[in-house]
Amino acid sequence: MAKYMEMIRIRFLMMLAYRTNYYSGILIYSINIGAYYFLWSAIYGDKSSIQDLSIVQMTTYIAVSWMARAFYFNNIDREIALEIKEGKVAIEMIRPYNYLGMKMMQGLGEGVFRLLFFSVPGMVIVYFIFPIQFTTHPATWIYFLISILLSFIINTQINLLTGIATFFLFNNDGLIRAKRVVIDLFSGLILPISFFPVWAQGVMDYLPFKGISYISSMIFTEGFHGNEIFHGLLNQTLWALVLFIPIQLLWTTAKRQLIVQGG
Amino acid sequence: MDYIIDVKDLRKEFTSHSSRSGLKGAFRDLFTRNYTIKTAVNDVSLQIKKGEMVGYIGENGAGKSTTIKMLTGILTPTSGLVRVNGMNPHKDREQFVRSIGVVFGQRSQLWWDIAVQESFRLLKKVYNVPDEFYNTHMADVIKTLGIEPLLDKPVRKLSLGQRMRCELAAALIHNPPLLFLDEPTIGLDVLVKLRIREFLKEINAKYGTTILLTTHDLSDIEALCERVIMLDEGQIIYDGALRKLRENWGEGKQIQFAFAEEATHAELQSLTQGHLVLWEQGGNASNWTASVENNEDIISAVIGRVVGAKKIADLKIVEITTEEIIRNIYEEGVIRNG
Ligand SMILES: Nc1ncnc2c1ncn2[C@@H]1O[C@H](COP(=O)(O)OP(=O)(O)OP(=O)(O)O)[C@@H](O)[C@H]1O
Ligand SMILES: [Mg+2]
């Protein structure tokens, strides 16, 4: 376990070394939140609520989804693809650790860094500009924290899957890009799932994507009540467990037919 | 007898599809593809005992790196048996990799953006090295390799030779009983090479570390290895003592003449007619080398005749170098039995 903690620390150090990149990131996220805020203000007009969400809840939803994205989002699919293409996986195969586990920890190190140096200050800035409501129920905060941790796990697992696909496709830039669009769209980041047509919501129930953003944001804005919270967390937990299966299968096959590029 | 490395009929085939040329070819490639099979390692069997330092040599593309990748468990063999440190590298992978150290001269295993000592610290945790052992052992390694001043620098800021010494230290953090080195001295200056060789000798003597080393610099092999294994197109063509190789192949001597004036090939050849002498021109028309059989009568006769006819500025008798022996073997591709 110590080695995984050490990996989180190392990644944290690496992010710290390049921290200036992130200050500009805060600005970009704020602009995004602002744009969506004005869009939704126009859509709401003088309606007090749409799909059970008030305009304040909607703004909070947007702000929190973007800030949570900073935590769960990572580029480990790209990193894995690069390591495979450059033959660096060879080195990873001679280390006494689980490569995918290590990658996940690197993602976590990155996520924790962004949470502290990006999401928290970003949230403070956004709070002063837009009408946002933070809940005062400690329980909601706890559910939210559990939920974004699960978001991180699900999103990272999907990244691992796309990353490992490089073993079979060799060049999977297209797949990685498509995955990113699909996740932003179907996770509820851009549009809450409850705004989708009913048949589409039915389809979403069978996909892991809403566990990445929609569920945690709905918990935070208190758009979910009582049992809905537990159903949401259960849904996330189940996906986190289920996704282990294809990862393990793909990884075992990949290792067997691993070809290391270069002398 | 227990062997550290025990390999039988090890084989690796790479399938690669060749693309047809042109648009029409690319279209046909969509439906049927041409496969070619390349046998990189062809039924290799070898055994290495504990504490041996073995040089693994061969031309570019002979299959050295591929063998090492199979021995370290990175690649799965097409067929054959591999036992290294008593384990199958593909089963019990985590336990197996703890018992080996690997340096690939061509690629770094340190983390690019962080200081060398952070990499060491991470590897120490990864290999579960106890503090007391780490402190004494690594202090020693760091001192012998002279990398103390490099520890707080990020790897991307190191020169090749500086990095390579750190790579070697990193491979030894857990003091493995078996060390694989794939071209560890590629691109290094003489001093760093010497330092690395001294260091390898030292850990071999101190811990009985077994070392399998590939290199294109035969002086590495001469300095370190009693035994060489020579590979050609995936097959072992020689496995034995380096000394033996020299005895079988290096029977000849070379006489290097520096004449006071220019000389021609025809002129020299007519001088030494009657003996088997191979004349080769050196740097300029007044420098010539005569390769002869290692026989005092012949050497004396050749020198006598040449000196009698031409003015001499310098004269040297040298044995044929290992490099030349190996070159001859690569060119002929077979071993002449002695
Ligand atoms: N991934 C691969 N796909 C197809 N062929 C490969 C692959 N890797 C190596 N080969 C082929 O296998 C042969 C042996 O390669 P290898 O890297 O083992 O050579 P080497 O002895 O290490 O050479 P060098 O001295 O140049 O490092 C070469 O002919 C090479 O083209
Ligand atoms: Mg090689």
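Below, chain A is the first sequence line, B the second, and so on; all start at residue 1.
- For B/I68, no part lies near chain A; criterion is any non-hydrogen pair under 4.5 Å.
- Residues B/L123 and A/R95 have side chains in contact (heavy-atom distance under 4.5 Å, counting atoms from C-beta outward).
- Counting heavy-atom pairs closer than 4.5 Å to chain B, the top residue among A/M93, A/E6, A/M5 is A/E6.
- Top candidate by heavy-atom pairs under 4.5 Å with chain B, chosen from A/N98, A/I10, A/I94, is A/I94.
- In A/Y127, the OH atom is not crowded: 12 or fewer heavy atoms of neighbouring residues, nucleotides or ligands sit closer than 6.0 Å.
- Within the model, atoms OG1 of B/T72 and CD1 of A/I91 stand 9.0 Å from one another, a figure rounded to the nearest 0.5 Å.
- For B/E233, the CD atom is loosely surrounded, since the number of other residues' heavy atoms within 6.0 Å does not exceed 12.
- Under a 4.0 Å N-O distance rule, the pair A/R9/B/E118 qualifies as a salt bridge.
- Proximity to chain B (any heavy atom under 4.5 Å) is shown, for A/M7, by both the backbone and the side chain.
- With a 4.5 angstrom heavy-atom cutoff, A/L13 touches chain B only via side-chain atoms.
- For a residue to count as touching a neighbouring chain, one of its non-hydrogen atoms must lie under 4.5 Å from one of that chain's; by this rule B/S108 touches chain A with the backbone only.
- Separation of atoms CH2 (B/W111) and CD (A/Q106) is listed at 8.5 Å; rounding is to 0.5 Å.
- Here the straight-line distance linking atom CG of B/N128 with atom NZ of A/K3 works out to 6.5 Å at 0.5 Å rounding.
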